[in-house]
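These notes concern the structure reproduced below.
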Number of protein chains: 2
Amino acid sequence: MVTKQFRGSPEDADLTRADSLAREIFSDIANKWALLIIEALGEGTLRFGELRKEIDGISHKMLTQNLRMMERNGLVERQVHPTVPPRVEYTLTEPGAALRATVDAMCDWTHRYLGDIEASRGRFGSGPAASG
Amino acid sequence: MVTKQFRGSPEDADLTRADSLAREIFSDIANKWALLIIEALGEGTLRFGELRKEIDGISHKMLTQNLRMMERNGLVERQVHPTVPPRVEYTLTEPGAALRATVDAMCDWTHRYLGDIEASRGRFGSGPAASG
DNA sequence: CGGAATCCTTTCCGATACTG
DNA sequence: CAGTATCGGAAAGGATTCCG
């Protein structure tokens, strides 16, 4: 039940704390860039620059920011090779790989219903017109 | 391949248009509130006010805004009962219900890895400390 | 090459007021 | 009860610059 969060009742402090944490994590990953990064890393390990090229439209800043967040949450592992120029590689962890299956499903869904959605958009606006 | 979007090449106009649309839809639904609404409607039809109560922390405005977007994309159906006071009900469509399975998986994932993530967060910050 | 900090614009989102 | 519109602060996010 991720829809619920915390209410201030002191008794169920543990339950509400878990709910609050669940919601926080959910909010972290229910984000465009994070999901696209997971999708991109699904193929295997990628360097920072490769990720940037793979994910169309992501900025340097957003990529860094989301990778930090995902590293903190243990979704990706960051490996720094102390060469020059530096080489930094990102890999999905086991939790990250598990989430990847879900993201794949979301991508499949998108392509599966692309036509329906386009049609729905066409109807929207012309649909609920006045009757008289 | 939702990670790719459109490049201005005139030849593959159709392909890039589809990619662009796919990314747009993906961005629409890869959003905290939209996913929580889908999750909430998974149980069955709910009124506006019920949704508001079900989804902790969502504001009147965000709920309206996301419901419009989801209606436009054909994820939810909106039924207005011309009573007084008005009664408006929201139900998942078939595409919406299909997406629900994915969102459920995301919620399951969240609870499944809650502990791991919390542990990872604890390590983060104290991990990459200087060696000397 | 990858990261961090800065600046600046855009978007998000809550609060409020008003309508039917 | 549900929806729309407006306002203003907060946060997101892009561009740029400097560092190792």
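Each chain gets a letter, A, B and so on, in the order its sequence line appears, and its residues count up from 1. Excluded from the calculations below are hydrogen atoms, water molecules and symmetry mates; all remaining heavy atoms, backbone and side chain alike, are included.
Neither side chain, A/Tyr90 nor A/Glu71, offers a donor N or O lying under 3.5 Å from an acceptor on the other.
Under the side chain to side chain donor-acceptor pair (under 3.5 Å) criterion, B/Asn31 pairs with B/Asn66, not counting sequence neighbours. Qualifying ring-ring contact (aromatic ring centres under 6.0 Å, His included) partners for B/Trp33, counting only residues two or more places apart in sequence or in other chains: none. Checked against side chain to side chain donor-acceptor pair (under 3.5 Å), B/Glu43 has no partners two or more places apart in sequence or in another chain.
A salt bridge is defined here as a Lys NZ or Arg NE, NH1 or NH2 lying under 4.0 Å from an Asp or Glu carboxylate O, and B/Asp104 with B/Arg100 meets this definition.
Of the possible polar contacts, none joining the B/Arg112 side chain to the A/Ala98 backbone as a donor-acceptor pair under 3.5 Å is found. The closest donor-acceptor contact from the side chain of A/Thr93 to the backbone of A/Gly74 lies under 3.5 Å. Remark: the backbone N or O of B/Ala22 is not paired with any side-chain donor or acceptor of A/Thr110 at under 3.5 angstrom.
Cluster membership check: B/Leu46 shares its hydrophobic cluster with B/Val88, using side-chain heavy-atom separations under 4.5 Å among Ile, Leu, Val, Met, Phe, Trp and Tyr. Note: the hydrophobic cluster containing A/Phe124 does not contain B/Ile25 (ILVMFWY, side chain heavy atoms under 4.5 Å, direct or indirect links).
Look at CG on B/Asn31: it is 15 Å from C1' on D/dA11, rounded to the nearest Å. Atom CZ of B/Arg72 and atom P of D/dG3 are 18 Å apart (whole Å). Distance CD (B/Glu89) to C1' (D/dG3): 17 Å, rounded to an integer number of Å.
Extent of DNA chain C lying under 4.0 Å from chain B heavy atoms, first and last nucleotide in 5' to 3' order, is C/dC13 to C/dG20.
Mapping A/Pro86 and B/Phe48 onto DNA chain D via the closest heavy atom, the residue that lands nearer the 5' end is B/Phe48.
At D/dG3, one or more side-chain N or O atoms of B/Tyr90 fall inside 4.0 Å of OP1 or OP2 (strictly under the cut-off). Listed pair B/Arg78 / D/dG3 meets the phosphate criterion, a side-chain N or O lying under 4.0 Å from OP1 or OP2.
A 4.5 Å side-chain heavy-atom check between A/Val76 and A/Thr91 finds every atom pair outside the cut-off.
Where the helix from C/dC1-D/dG20 to C/dG20-D/dC1 starts and where it ends, the local axes point in directions that differ by 40°; five pairs per end, rounded to 10°.
For DNA chain D, the residues of residues 60-69 of chain B within the heavy-atom distance limit of 4.0 Å (strictly under) are B/His60, B/Lys61, B/Thr64, B/Arg68, sorted by number.
A/Arg47 comes within 4.0 angstrom of the backbone, heavy atoms only, and of no base.
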